[in-house]
Amino acid sequence: MHSDIHAMLHTYRSTDLRDEAAKARVPGPGLRHRMGWTMVELGLRLTQSRPVPVRTAHAA
């Protein structure tokens with residue numbers, strides 16, 4: 001295969017791949033920000049919750 005044909009095919013394929021990648025991107029930063037703040041809120045709730053009492057086995 002001639003190098004100029006190979007370069008042309010590579011250019012076409014890379015354009016197709018870029019178009020596919022643009023379509024598959026995650027929706028805007030709105031969803032990312034909401035998920036991030038939800039995780040922060042959950043983490044804060046977990047750190048501020050009361051400790052679970054530890055049950056010990058009684059000697060018989």
Side-chain angles (χ1 to χ4, degrees):
M1 184 183 305
H2 294 296
S3 61
D4 56 340
I5 294 174
H6 181 72
M8 184 177 64
L9 291 174
H10 175 70
T11 302
Y12 289 145
R13 180 65 180 143
S14 65
T15 303
D16 289 343
L17 288 174
R18 283 190 194 108
D19 291 343
E20 288 178 27
K23 291 177 187 176
R25 287 195 180 152
V26 175
L31 176 64
R32 187 176 296 167
H33 283 85
R34 286 195 306 262
M35 286 295 295
W37 282 113
T38 302
M39 292 175 68
V40 168
E41 182 180 353
L42 177 63
L44 290 173
R45 287 183 184 191
L46 288 172
T47 59
Q48 293 176 359
S49 65
R50 287 183 260 152
V52 178
V54 177
R55 294 184 180 193
T56 58
H58 296 285

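All of these numbers come straight from a predicted model, not from anything done at the bench.
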query = So which pairs with a foot in residues 38-47 pass salt bridge (Lys or Arg N to Asp or Glu O under 4.0 Å), sequence neighbours left out?
reply =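 Salt bridge (Lys or Arg N to Asp or Glu O under 4.0 Å) check on residues 38-47 returns E41-R45.
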Could you go through residues 15-24 and list every donor-acceptor pair under 3.5 Å that involves a side-chain atom there, pairing it with any protein atom two or more places apart or in another chain?
from: T15; atom 1: OG1; to: T11; atom 2: O; distance (Å): 2.9

request  = Each residue besides M39 in its hydrophobic cluster should be listed here, by chain and number; the cluster joins Ile, Leu, Val, Met, Phe, Trp and Tyr at side-chain heavy-atom distances under 4.5 Å.
outcome  =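 Members besides M39: none; it forms no cluster.
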